[in-house]
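Everything below concerns the one structure shown next.
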Amino acid sequence: MGDGGGGGCACYPRAMPSAETRTNSEVAAAFEELTVLSEILGANVFKVNAFRRAARAVEGLAGEACAMEVAVLKEIDGLGASTAAKIHEFAEKGTMSELEELRAQVPAGLKEVLAIQGIGPKTARAMWTELGIVDLASLKAAIDAGKVATLPRMGAKTIQNMKDAIAFAESARGRIRIGEAMPLADALVVELGKISGVERVAYAGSLRRGRETIGDLDILASACEPAKLMEAFCARADVARVLGHGDTKSSVLTKSGVQVDLRVVPLDRFGAALMYFTGSKDHNIRMRERAIAQGMRLNEYGLFRAGPEGEVPAGAEPVAAASEDDVYAALGLAWIPPTAREDRGELERFAKGIVRDPVAAVVDISDIRAELHCHTRASDGAMTIDEIVAEAERRGFHTIAITDHSKSQFQANGLDEARLREHIRAIHAARARFPRMQIWAGSEVDILADGSLDYADDLLAELDWVVASPHAALKQEPRVATERLLKAIAHPLVHVIGHPTGRIVNGRPGLEPAMSELYAAAKEHGTALELNSHHVRLDLRDTHVRAAAEAGCMVAIDCDVHGLGDFEELRYGMLTAQRGLLPRAQCLNALDPKALDAWRRRKR
Ligand code: DGT
Ligand code: CA
Ligand code: CA
Ligand code: ZN
């Protein structure tokens, strides 16, 4: 496309960012991978546990691990000299040499085997070393040949579950979760933006639209020396294979197996290109139809007045192209947020003059002032009560509900009645230390298979806040699942239904209840439905949020905090909420403290 007209090219060296870009979540993820790989390789249990403890310790840190000295790190509970040195190495190089060594020893395909529900590192090791299983295909073959049944603890039911999970994984193949794609894209945008001559960089595609899974990353850039940018992009340390290397478009496959497309566009056409490559394809089609109906043509270079034949004359200057705002406005539309670009009626909703400010009514991240679902060390969290409350306060929240697991969740160290009563006292005692915070003693109480709850009503009544969630029996028939959830929704002491379906993105389908019945009951009983923001859950999902909002339900957008980094998951919950067009007025976490407390008290 060349260096299209106008737009003088301001080449100047970029300042290096001063902030450290390697986060605690990245360090923790590296230790988690070390844990899994060393377990697969049969390392001794002390070593495996040291990695696991390090992952948790880093996850729970209040400061950034990569900014700390080794001498400080090794004194931290859960870290030692060796793990502290690894953090130091990670801070400098973005990886750990031992991690690279272990990765090289384990077949790459075992990762997808390990991702199957019910297969942990020990089983994966046995499958690999005893049966020669190295990927999903060889796992399937081994199951069909009856070999997997020869391993310990592999009953017929376990194997059937495994087969279902494989089928599910295959249907999700090639798409990664948004929480894996977003950090990659963020890092790329920063990295490419530092290359001299680069004027603008942004990600587009399904990631910008906030979809729960992403096929590939689409990055757009403007640069006065595109060749130099392409050179640098294809030579990045993270690149495993260059799929295409051109002047305006290149594609690479990263070491983690993600395809990234980079396109260079002229700065004065950036808006049109960004709109085109953000999609969705169906939204683009509607936009082009609208342009044609108004005697214009829309493509990735801009919006043009059509010639007599309906063609765009060569060398024509666009009517609009520099910004998305300009293009939408020239077609009589308000700027449509990427989360709404799915051809679900957005052109009508955002037509100028129809709705005064359609964007303003939808909830936004700055509206969120409460976290109503989190776990401390009392069950399976990494933080203390005070650490969680302090973080919530630091984020400008006014309310926090501590909701550790109930007694049936023994693998998550769920609290029995006595421990819960003690925990309630400890949570209430924190109020004196955080006078500005509204602190609620809650529980994430299990909804058992028959819809009854894991604690008796008298104990539930002692809690300020009750989130009721399904964790087990997630393969029930839809009708049974519906009745189970309806019973919990109707329970007079339950405030919120946590992750209502229990699905795991790319992991398991979860319950498949009649959702419309749940919305109606939730509205009737004044029970909120949770949008669990964690990127592996996103449950309610976007389409559920939209239907629940239309049915008049209240939705709680929570992070299900287990460690400090989880507060950041809100980003994914918010994208999902916005895809569901959740009005601010129907989001519990956006209420002011008095209104939220009043809402809570209706169940007490
Ligand atoms: P993904 O990658 O599968 O998660 O989904 P997208 O939406 O990122 O799709 P992708 O990467 O194939 O293309 C990025 C955007 O580029 C897409 O949302 C719309 C635009 N686009 C790509 N191919 C076409 C096409 O053939 N026609 C039109 N109108 N737009 C296209
Ligand atoms: Ca894409
Ligand atoms: Ca693409
Ligand atoms: Zn849960």
Side-chain angles (χ1 to χ4, degrees), residues 1 169-189 192 201-222 230 233-234 239-246 248-254 256-265 269-293 296-304 312 318 321 324 327-328 331 333 335-344 346-347 505-506 535-536 538 541-543 572 575-576 578-579:
M1 89 180 57
E170 283 177 335
S171 72
R173 202 179 224 152
R175 300 192 67 81
I176 57 169
R177 297 172 184 139
I178 187 169
E180 290 146 26
M182 190 69 90
L184 217 74
D186 281 341
L188 253 170
V189 165
L192 297 179
V201 193
Y203 60 79
S206 52
L207 180 64
R208 186 161 178 248
R209 302 199 311 281
R211 283 196 55 181
E212 63 191 39
T213 62
I214 309 299
D216 66 4
L217 294 185
D218 303 282
I219 313 276
L220 287 191
S222 290
M230 289 304 185
F233 174 67
C234 293
V239 170
R241 198 145 58 89
V242 177
L243 305 171
H245 184 162
T248 58
K249 184 187 167 187
S250 295
S251 292
V252 299
L253 207 59
T254 67
S256 49
V258 181
Q259 183 177 328
V260 186
D261 296 343
L262 172 65
R263 291 180 183 83
V264 178
V265 301
R269 306 294 175 88
F270 201 88
L274 186 58
M275 176 189 272
Y276 181 89
F277 291 110
T278 295
S280 66
K281 207 166 163 175
D282 293 333
H283 173 81
N284 289 352
I285 291 170
R286 291 277 166 270
M287 290 297 293
R288 282 204 300 272
E289 287 170 357
R290 190 177 178 95
I292 290 169
M296 292 188 273
R297 293 290 179 274
L298 177 64
N299 59 34
E300 64 261 54
Y301 306 107
L303 178 69
F304 299 87
V312 178
E324 287 189 340
V327 178
Y328 281 111
L331 288 168
L333 296 164
W335 178 77
I336 302 181
T339 46
R341 299 182 195 173
E342 297 287 355
D343 188 22
R344 292 183 190 143
E346 65 270 17
L347 267 59
V505 178
N506 281 3
H535 70 271
V536 309
L538 294 175
R541 61 172 69 200
D542 53 2
T543 50
Y572 309 117
L575 285 166
T576 303
Q578 291 175 337
R579 288 176 64 81

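For ligands, and for the atoms within them, numbers begin at 1 and follow the listed sequence.
A donor and an acceptor atom, one from each side chain of Asp261 and Ser251, are located under 3.5 Å apart.
If you look at Asn284 next to ligand 1, the close heavy atoms, those under 4.0 Å, all belong to the side chain. At a heavy-atom distance under 4.0 Å, no atom of Arg211 approaches ligand 1. Residue contacts with ligand 1, taken as heavy atom pairs separated by less than 4.0 Å, do not involve Asp261 at all.
The protein non-hydrogen atom at the shortest distance from atom 11 (O) of ligand 1 is Asp216 OD1, 2.8 Å. In this structure, atom 8 (O) of ligand 1 lies nearest to the protein heavy atom Ser206 N, 2.9 Å. Here the protein heavy atom with the shortest distance to atom 3 (O) of ligand 1 is Arg175 NH1, 3.0 Å. The single protein non-hydrogen atom nearest to atom 25 (C) of ligand 1 is Lys281 CE, 3.5 Å, given as residue, atom name and distance. Looking only at heavy atoms of the protein, atom 7 (O) of ligand 1 is closest to Arg209 NH1, 2.9 Å. Regarding atom 14 (C) of ligand 1, its nearest protein heavy-atom neighbour is Phe277 O, 3.5 Å. The single protein non-hydrogen atom nearest to atom 21 (N) of ligand 1 is Tyr276 CE2, 4.2 Å, given as residue, atom name and distance. For atom 17 (C) of ligand 1, the nearest protein heavy atom (residue, atom name, distance) is Gly279 CA, 4.0 Å.
At least one side-chain heavy atom of Met182 sits under 4.5 Å from a side-chain heavy atom of Asp186. Contact check for Glu342 versus Asp542: no side-chain heavy atoms found under the 4.5 Å cut-off. Considering only heavy atoms from C-beta on, Arg209 stays 4.5 Å or farther from Thr339 through its side chain. Side-chain contact between Met296 and Leu331: present, with at least one pair of heavy atoms (C-beta onward) separated by less than 4.5 Å.
An N or O contact shorter than 3.5 Å is missing between Thr213 and ligand 1 by distance. By the 3.5 Å distance cut-off applied to N or O atoms, Gly215 is counted among the residues near ligand 1.
How far OH of Tyr301 is from CZ of Arg269: 9.5 Å, rounded to the nearest 0.5 Å. With rounding to the nearest 0.5 Å, the separation of CZ in Arg286 from CG in Asp343 is 4.0 Å.
Between the Ser280 side chain and the Arg341 main chain, a donor and an acceptor come within less than 3.5 Å of each other. A donor-acceptor distance shorter than 3.5 angstrom exists from the side chain of Ser222 to the backbone of Val265, with no hydrogens or angles considered. For Asp218 (side chain) and Ala204 (main-chain N/O), no donor-acceptor pair under 3.5 Å exists by modelled atom type.
There is no protein heavy atom less than 4.0 angstrom from atom 23 (N) of ligand 1. Under the 4.0 Å distance rule, the nearest protein heavy atom to atom 27 (N) of ligand 1 falls inside the cut-off.
The Ca ion (ligand 2) has an N, O or S atom of Asp218 under 3.0 Å away, backbone or side chain.
The ligand atoms of ligand 1 that sit less than 4.0 angstrom from a heavy atom of Arg288 are 29 (N). Close approach of ligand 1 to Thr278 (heavy-atom distance below 4.0 Å) involves ligand atoms 18 (O). Set against the non-hydrogen atoms of Ile214, the atoms of ligand 1 under 4.0 Å away are 4 (O). For ligand 1, the atoms sitting less than 4.0 Å from at least one non-hydrogen atom of Gly205 are 8 (O), numbered in the order shown with element in parentheses.
Each of Tyr203, Phe277, Phe233 was scored for a side-chain contact (heavy atoms from CB on, under 4.5 Å) with Ile219, with one residue passing: Tyr203.
Counting just the N/O/S atoms of Asp261, the one with the shortest distance to the Ca ion (ligand 3) is named OD2. Of all the N, O or S atoms in Asp216, the one closest to the Ca ion (ligand 2) is OD1.
Classified by interplanar angle (parallel below 30°, tilted 30° to 60°, perpendicular above 60°), the ring pair Tyr572/His535 is perpendicular.
Note on Arg208 versus Glu324: salt bridge recorded, some NZ/NE/NH1/NH2 to OD/OE distance being below 4.0 Å.
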